[in-house]
Amino acid sequence: MKLKSQINDIIKDAFDKAGIKHEPMSVSEATKPEFGDYQFNGAMALSKKLGKNPREIAQNILDALDLTGVLAKAEIAGPGFINLWLNPLWIATQSQSALDDARLGVGVRENPIKVVVDYSGPNMAKQMHVGHLRSTIIGDTLANLLTFLGDEVIRQNHIGDWGTQFGMLIAYLEMKDEDGSLSLKDLEQFYKDAKAQFDANADFADKAREYVVKIQSGDSHCLKLWQRFIDISLGHCEEVYKKLGVNLTRDDVRAESFYNARLPKVIDALDAKGMLAQSDGAQCVFLEGEEIPVIVQKGDGGYLYATTDLAALWYRAEVLGAKRISYVVDARQSEHFKQVFKVAKEAGFVAEDVTLEHIAFGTMMDKGGKPFKTRDGGTVKLIDLLDEAVVKARATIHDKEAYSQEEIDELAKIIGIGAVKYADLAINRESNYIFNWDKMLSFEGNTSLYMQYAYARIQSIFRKHNAPIEGDIIIGDVLEHRLATMLLRFEDVLERAAVDASPHQITTYLYDLVTLFMRFYEQNPILKEGVELETKMSRLHLADLTAKTIKQGLDILGIKVVDKL
RNA sequence: GCACUCGUAGCUCAGCUGGAUAGAGCACCCGCCUUCUAAGCGGGCGGUCUCAGGUUCGAAUCCUGACGGGUGUACCA
């Protein structure tokens, strides 16, 4: 339910009735419970425009305000705040219908669009490290979120499978893998070994260079080796995706090499538009107001990153028909995307009405706030982090006797992986990211476990109750009122998170929701003796809706819940 | 040099299109398990929101400048 816009509509009606010609500003959530549920602060802003004092304006609005349905009470406070209380009966009805709805009252978009979400994008020459975590899970969350809201989402994993380093790698693969059984367990090491061979052995280096040319010219032996290398490397990524619970499959892979055939067309099209200029032997596009040109073809005829991205944009807009294309990539590339987006629009690869956005996220730092360098041996492999998280989660599980070995394994995965993902998704994506192993593997306080724990507690109540839940939701006290209102805000939060592409708004909401539920749970007994039947049923309903909202919210974040913890 | 971005409690972070006494978690101190899962709840300690101006009835939030961290700055991706 779009709660806020419903309240805004009521304010708008009051404006019309009161004869105020201005567009009202949006209501906002009340900052404190004693100020009601929502507040409207627009009277002060209108004071100057209307030449009246704000309390008088507030009074005019208040007199025209419909207090018969959604709202039950409104009060003027301070200089002209209008505090709004939702009608408990209305809240009860609305939360009841949310509970009866498989989507928890969240609407499906009336005008869905096709959205391409480009994320993860690992390099096939290297093993995925912790730096790949953000793109992968933020992108996955965005894709899940938009799918849930009703858009048609096309996931694109733009893997790096092309470039000079592959000549060296396949030459080394050929040398080491005579019987075809090499598993490349450690890609990092393989790369280092290949590089060492390249530096030490001139013949090998020549061969590596020769192989680069041969792959590009379509030599079947080299292409076979290359394909084999990519398959193995992609297999490692898929292992990580599986552990992470990320919804990326081989069908979502649209590799750099996929665009090879389209690269000359990009150059031709830019040329035809008169956008190309030669500079120092390279083909460039000079953009107005930009100091540095976008180089699309090197002096030696080779293509670049920007060329591939232009081809990809073209493909996504024209062939896939996307109306919104979102790149979940490190903030360091913002200049690159700014330029490429501009070129793509100017060249007509992408229509004007298509939204191109760079969902940037901060750089990873070490504990001292210094950049997390890959060269000084500080790189943490993503697979190791995930495994460690699971081991640590297993150690924290209480009374292990209550579970089978398989259940413990499963539980440890759900808790451990959830903690890693949550720790990352819970911080504003734009700020820099301090990589802290301990914090990431922590299970105290504001972590996914807190949500999972609340969910399990509710399931435990249901097990104990072990009977149908009948009757209606009744808003009986302040905590019930606040809890139900919070539950009704779910759609507003999701919409907001989708517009801003910021998963942390979902985590913040879930944390607030669960905190509120924990207080409700402490103070409002459900199954204990002396609770009236009506109250008991109502509270069971509220607990049910809370559990379902937690589950749905975590599901969008790609985090699982368990019935017993 | 120029551009982008960030600067809130000891640490890690929320604070949405400006609104009432700036909020959490961790850490530290104190309470609460014979009653629905104590991986929890309640309370305490802790901040001149980097600084200086400006706009405004009203600024952590918007603008300008300074300082500090980070990033980018043409043939890597």
Side-chain angles (χ1 to χ4, degrees), chain A residues 25-26 28-32 34-35 39 41-42 44-45 47-48 53-54 77-81 83 121 123 125 160 162-165 256 279-284 290-300 302-306 308-309 330-336 338 360 362-363 365 367 369-371 396-398 415 423 426-428 430-432 434 436 438-439 442-447 449-450 452-454 456-465 492-493 496 499-500 502 504-505 507-508 511-512 515 518-519 521-531 536 539 543 564-565:
Chain A
M25 61 183 274
S26 174
S28 51
E29 283 97 35
T31 49
K32 284 180 200 312
E34 56 266 37
F35 297 153
Q39 54 180 272
N41 303 329
M44 280 89 78
S47 168
K48 194 161 251 176
N53 92 58
F81 299 103
N83 295 334
N123 188 329
W162 208 248
T164 50
Q165 71 270 50
E256 270 176 50
S279 176
D280 293 337
Q283 294 294 333
C284 306
E290 301 275 339
E291 266 180 66
I292 304 138
V294 181
I295 304 178
V296 290
Q297 190 168 25
K298 294 194 276 186
D300 67 4
Y303 302 106
L304 292 122
Y305 182 38
T308 311
D309 267 336
D330 193 302
R332 281 177 285 198
Q333 295 185 33
S334 55
E335 192 67 24
H336 164 78
K338 197 172 120 200
T363 310
M365 310 294 217
K367 274 181 191 168
K370 295 275 172 249
T396 65
I397 295 173
H398 295 179
I415 296 172
I427 51 172
N428 178 356
E430 290 183 43
S431 35
N432 283 343
I434 293 187
N436 183 332
D438 293 333
K439 199 191 167 196
S442 153
F443 302 111
E444 285 176 22
N446 183 11
T447 65
L449 187 61
Y450 185 67
Q452 289 165 331
Y453 180 65
R457 276 181 123 175
I458 296 171
Q459 300 313 312
S460 166
I461 296 172
F462 293 152
R463 276 195 297 275
K464 197 147 284 180
H465 173 62
D492 284 346
V493 171
R496 184 68 199 225
V499 170
D500 297 345
S502 67
H504 94 277
Q505 293 186 23
T507 62
T508 302
Y511 182 66
D512 289 344
T515 303
M518 289 293 192
R519 291 178 56 191
Y521 175 93
E522 295 285 333
Q523 291 182 35
N524 299 25
I526 300 174
L527 301 180
K528 291 180 184 175
E529 274 189 40
V531 181
K536 177 162 125 181
R539 287 178 182 167
K564 209 174 109 193
L565 200 58

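Every chain is numbered from 1, with letters handed out A, B, ... down the list of sequences. All values below were derived from every heavy atom in this structure, side-chain atoms included, with hydrogens, water molecules and symmetry-related copies excluded. What you see is a predicted model; the values in this text were computed from it and never measured.
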Which is true for [X] with a 4.0 Å heavy-atom rule: it touches a base, it touches only sugar-phosphate, or it touches nothing?
X: F443(A); value: nothing
X: N83(A); value: base
X: D280(A); value: base
X: I295(A); value: base
X: Y450(A); value: sugar-phosphate
X: S460(A); value: base
X: A45(A); value: base
X: H465(A); value: nothing
X: M518(A); value: sugar-phosphate
X: A331(A); value: nothing
X: K338(A); value: nothing

task = Using only heavy-atom distances, decide whether a donor-acceptor pair under 3.5 angstrom links the side-chain of T447(A) to the base of A39(B).
result =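 Not at all, since no donor on one side and acceptor on the other fall under 3.5 Å apart.
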key: K536(A) side chain near C36(B) phosphate (N/O to OP1/OP2, under 4.0 Å)   =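 Checking K536(A) against C36(B): no side-chain N or O falls below 4.0 Å of OP1 or OP2.
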Nearest-Å distance for atom pair [atom1]/[atom2], residues [X] and [N]:
X: N446(A); N: G40(B); atom1: CG; atom2: P; value: 11 Å
X: I434(A); N: C6(B); atom1: CD1; atom2: P; value: 16 Å
X: I292(A); N: U71(B); atom1: CD1; atom2: C1'; value: 13 Å
X: K48(A); N: U55(B); atom1: NZ; atom2: C1'; value: 11 Å
X: N41(A); N: C16(B); atom1: CG; atom2: C1'; value: 13 Å
X: N432(A); N: U12(B); atom1: CG; atom2: P; value: 12 Å

request  = Could you work out the separation of U64(B) and U55(B) based on their P atoms and round it to a whole Å?
outcome  =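 It works out to 15 Å between them.
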ask   = When you compare G7(B) with C16(B), how far apart are their P atoms, in angstrom units rounded to a whole number?
value =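 The same atom, P, in both gives a distance of 12 Å.
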ask   = Can you tell me the Watson-Crick or wobble partner of A52(B), both distances under 3.5 angstrom?
value =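 Result: U64(B).
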Could you check whether [X] and the base of [N] form a stacked pair, meaning centres closer than 5.5 Å and planes differing by less than 30°?
X: H398(A); N: A39(B); value: yes
X: Y521(A); N: G40(B); value: no
X: F81(A); N: G19(B); value: no

request  = Report yes if the side chains of R539(A) and V531(A) come closer than 4.5 Å at any heavy-atom pair, otherwise no.
outcome  =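 Yes, at least one pair of side-chain atoms sits under 4.5 Å.
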Test salt bridge (Lys or Arg N to Asp or Glu O under 4.0 Å) applied to E290(A) - qualifying residues, sequence neighbours left out =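 For E290(A) the salt bridge (Lys or Arg N to Asp or Glu O under 4.0 Å) partners, ignoring immediate neighbours, are K338(A), K342(A).
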message = Tell me if C33(B) is syn or anti. Syn = glycosidic torsion within 90° of 0, anti otherwise.
response =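 With its glycosidic angle within 90° of zero, C33(B) counts as syn.
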